[in-house]
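Reckoned from all heavy atoms, side chains included, excluding hydrogens, waters and symmetry mates.
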Amino acid sequence: MMNKLLGIILIIAGTLAAIWGYDIYDSASSQLTRAFKGDTPLEAWAGMGGGVLAVIVGIFKVK
């Protein structure tokens, strides 16, 4: 039962982290930075990548 609860928490937190990372990626300042420098903020990649990883781990915990 505890693994399923942990899995559900990881899925929810991972989804929120991925959304937060995408919001940073799609922000106006990030778009300007990408247009002039070609760089993407590290926080965006960390949020999206970490969020997806947390969702995947959470899915395996729920099964």
(message) Running the 4.5 Å side-chain criterion over Ile, Leu, Val, Met, Phe, Trp and Tyr, what cluster does Leu10 land in, apart from itself?
(response)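 Besides Leu10, the hydrophobic cluster comprises Leu6, Val57, listed by chain and residue number.
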Solution key, residues 33-52 side-chain donor-acceptor pairs under 3.5 Å, sequence neighbours excluded:
| from | atom 1 | to | atom 2 | distance (Å) |
| --- | --- | --- | --- | --- |
| Thr33 | OG1 | Ser29 | O | 2.9 |
| Arg34 | NH1 | Tyr25 | O | 2.5 |
| Arg34 | NH1 | Ser30 | OG | 2.9 |

(message) Tell me every residue that passes side-chain contact (heavy atoms from CB on, under 4.5 Å) with Ile59, counting only those two or more places apart in sequence or in another chain.
(response)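 Ile59 satisfies side-chain contact (heavy atoms from CB on, under 4.5 Å) with Ile11, Val55, Lys63 once adjacent residues are dropped.
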(message) My understanding is that only residues two or more places apart in sequence, or in another chain, count here; which of them pass side-chain contact (heavy atoms from CB on, under 4.5 Å) with Leu5?
(response)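 Partners of Leu5 under the side-chain contact (heavy atoms from CB on, under 4.5 Å) test: Met2, Ile9.
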(request) Indicate if Ile8 and Leu16 have the same hydrophobic cluster label, given that clusters are the connected sets of ILVMFWY residues with side-chain heavy-atom separations under 4.5 angstrom. (result)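 Yes, it is one cluster - the side chains of Ile8 and Leu16 are joined through contacts under 4.5 Å.
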(message) I'd like to check the side chain to side chain donor-acceptor pair (under 3.5 Å) partners of Asp26; sequence neighbours left out, ordered by chain and number.
(response)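 Testing Asp26 for side chain to side chain donor-acceptor pair (under 3.5 Å), a comparison that skips the adjacent residues, returns Gln31.
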